[in-house]
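Below you'll find the structure, written out as structure tokens, and then a few comments.
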Amino acid sequence: MDIGVISVRYARALLHCGLESALEDKVYSEMQTMAQSFASVPELKFTIDNPMLSKENKAKLLTAAAGGEISELTRSFINLVLKEDREGVMQFMANSYITLYRKQKNIIRGKLTTAAAVTPAVEQKMRQLVENNTNGTVEFETEIDPDIIGGFVLEYDTYRMDASVKAKLNTILTQLSK
């Protein structure tokens, strides 16, 4: 069976249980932590895939990867995944849950890149702009990139607004070289 199909089925079931027990937000936070753990510690995947490691130790490891103090629902989910020998796709299940949760709650990811740090008021204004355009809630990420020289780059969904000085200089350079 396809890893994508397996991970989505498990994630969908977890979201359904989370919605029924009103724990979907807590589980979302735990799955974000787990996904981040897998992304930042590549050895975690290899350790979880190790057949010599006991299920009990894998459960402890996955619990720690989800933040340590996890909900009973997430604990039960981890135990089910281990019982069914699906721990090899746990990373994909976490990512699938995050995607399904965001779709369910109409959460859009946005990113603002600037040459220098912006004030919280400017960040809030940009967040409000995205929320007004998408009619959803925005999870906003900011990044500082001095290479853009000035201005900003705003990205969300498939939309990208590049109002950076670097982009404008490149446009002028292209026009002059014709």
Side-chain angles (χ1 to χ4, degrees), residues 2-8 10-12 14-15 18-19 23-48 62 64-70 74 88-178:
D2 185 25
I3 289 174
V5 172
I6 294 168
S7 62
V8 170
Y10 275 78
R12 192 175 289 131
L14 180 59
L15 181 60
L19 289 167
L23 289 172
E24 74 275 13
D25 298 335
K26 173 83 169 135
V27 173
Y28 175 63
S29 175
E30 294 164 350
M31 290 298 117
Q32 283 184 306
T33 303
M34 184 177 289
Q36 183 58 39
S37 296
F38 274 106
S40 61
V41 183
E43 297 82 13
L44 179 59
K45 173 100 171 98
F46 297 116
T47 305
I48 293 298
L62 289 170
E69 293 295 322
I70 60 173
T74 300
V89 290
M90 189 66 187
Q91 177 180 10
F92 302 105
M93 290 177 196
N95 287 324
S96 294
Y97 181 89
I98 291 166
T99 301
L100 291 170
Y101 177 90
R102 287 179 179 151
K103 187 174 182 182
Q104 173 82 24
K105 301 285 186 170
N106 195 22
I107 296 173
I108 292 95
R109 294 200 40 147
K111 181 177 178 183
L112 176 64
T113 306
T114 57
V118 295
T119 64
V122 171
E123 186 177 327
Q124 181 58 34
K125 192 177 226 178
M126 297 303 263
R127 180 189 321 269
Q128 194 64 47
L129 174 81
V130 174
E131 286 179 352
N132 289 343
N133 286 340
T134 61
N135 296 321
T137 307
V138 177
E139 283 184 355
F140 218 57
E141 175 186 334
T142 57
E143 182 180 299
I144 297 171
D145 181 5
D147 290 343
I148 68 169
I149 304 169
F152 65 91
V153 178
L154 178 64
E155 299 170 284
Y156 61 92
D157 281 344
T158 58
Y159 179 80
R160 184 171 199 268
M161 175 195 281
D162 192 341
S164 67
V165 173
K166 182 179 180 179
K168 290 178 182 174
L169 288 174
N170 284 339
T171 302
I172 292 169
L173 183 62
T174 303
Q175 290 173 349
L176 290 174
S177 64
K178 288 183 182 181

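For this chain, numbers begin at 1 and follow the sequence in order. Below, all heavy atoms of this structure are taken into account, side chains as well, without hydrogens, waters or symmetry copies.
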Within this structure, what is the CD-CG distance for the pair Gln175 and Asn170, rounded to the nearest 0.5 Å?
11.5 Å
Residues two or more places apart in sequence or in another chain: which of them pass side chain to side chain contact (heavy atoms under 4.5 Å, CB included) with Thr158?
none
Working to the nearest 0.5 angstrom, can you tell me the gap between Lys103 NZ and Thr99 OG1?
10.0 Å
Distance in Å, Met31 CE paired with Ser37 OG, rounded so as to fall on 0.5 Å steps:
10.5 Å
Ala11 and Met93 have their tightest heavy-atom pair at CB-O, 3.6 Å
Are side-chain heavy atoms of Thr137 and Lys105 found at a separation under 4.5 Å?
no
Compare every heavy atom of Ala115 with every heavy atom of Ile149, then report the nearest pair and how far apart it is.
O-CB, 3.4 Å
Does the side chain of Val41 come within less than 4.5 Å of Phe46's, by heavy atoms?
no
Is it true that atom CD of Glu143 has more than 12 heavy atoms of other residues, nucleotides or ligands lying nearer than 6.0 Å?
yes
Between Gly136 and Ile108, the two heavy atoms sitting closest are CA-CD1, 3.8 Å
Using side chain to side chain donor-acceptor pair (under 3.5 Å) as the criterion, list what pairs up with Asn106, not counting sequence neighbours.
none
The complete set of salt bridge (charged side-chain N to carboxylate O under 4.0 Å, His left out) pairs with one or both residues in residues 161-171, sequence neighbours excluded, reads Arg160-Asp162
With a 3.5 Å distance limit and no angle check, can you tell me whether Lys45 reaches the backbone of Gly88 through a side-chain donor-acceptor pair?
yes
Going by ring pair (Phe, Tyr, Trp, His ring centres under 6.0 Å), name the pairs with one or both residues in residues 156-178, residues two or more places apart or in two chains.
Tyr156-Tyr159
Nearest-0.5 Å distance that lies between atom CG in Leu129 and atom OG1 in Thr134
9.5 Å
Using the test ring pair (Phe, Tyr, Trp, His ring centres under 6.0 Å), find all partners of Phe152 that sit at least two apart in sequence or belong to another chain.
none
In Å and rounded to the nearest 0.5 Å, what is the OG1 to CG distance from Thr113 to Asp147?
11.0 Å
Tell me the salt bridge (charged side-chain N to carboxylate O under 4.0 Å, His left out) pairs involving residues 133-142, sequence neighbours left out?
Arg102-Glu139, Arg109-Glu141
Side chains of Gln91 and Asn95 only: does a donor on one sit below 3.5 Å from an acceptor on the other?
no
Going by the rule side chain to side chain contact (heavy atoms under 4.5 Å, CB included), which residues pair with Phe140 if we only count those two or more places apart in sequence or in a different chain?
Leu112, Glu123, Met126, Arg127, Val130, Val138, Thr142, Leu154
According to side chain to side chain donor-acceptor pair (under 3.5 Å), who are the partners of Ser7, at least two apart in sequence or on a separate chain?
Ser96
Can you sort out the partners of Thr74 under side chain to side chain donor-acceptor pair (under 3.5 Å), two or more places apart, ordered by chain and number?
Glu30, Ser71
With sequence neighbours excluded, what pairs up with Gln36 under the side chain to side chain contact (heavy atoms under 4.5 Å, CB included) test?
Ser40
Which heavy atom of Ser164 sits nearest a heavy atom of Val153, and at what distance?
CB-CG2, 4.2 Å
Using every non-hydrogen atom in the two residues, find where Leu44 and Ala65 come nearest and quote the distance to one decimal.
CD2-CB, 3.8 Å
Got a sec, which pairs hit ring pair (Phe, Tyr, Trp, His ring centres under 6.0 Å) with one end in residues 101-128, sequence neighbours left out?
Tyr28-Tyr101
Are the side chains of Leu15 and Leu19 in contact, using a 4.5 Å heavy-atom criterion?
yes
Thr47: what forms a side chain to side chain contact (heavy atoms under 4.5 Å, CB included) with it, not counting sequence neighbours?
Leu53, Leu61
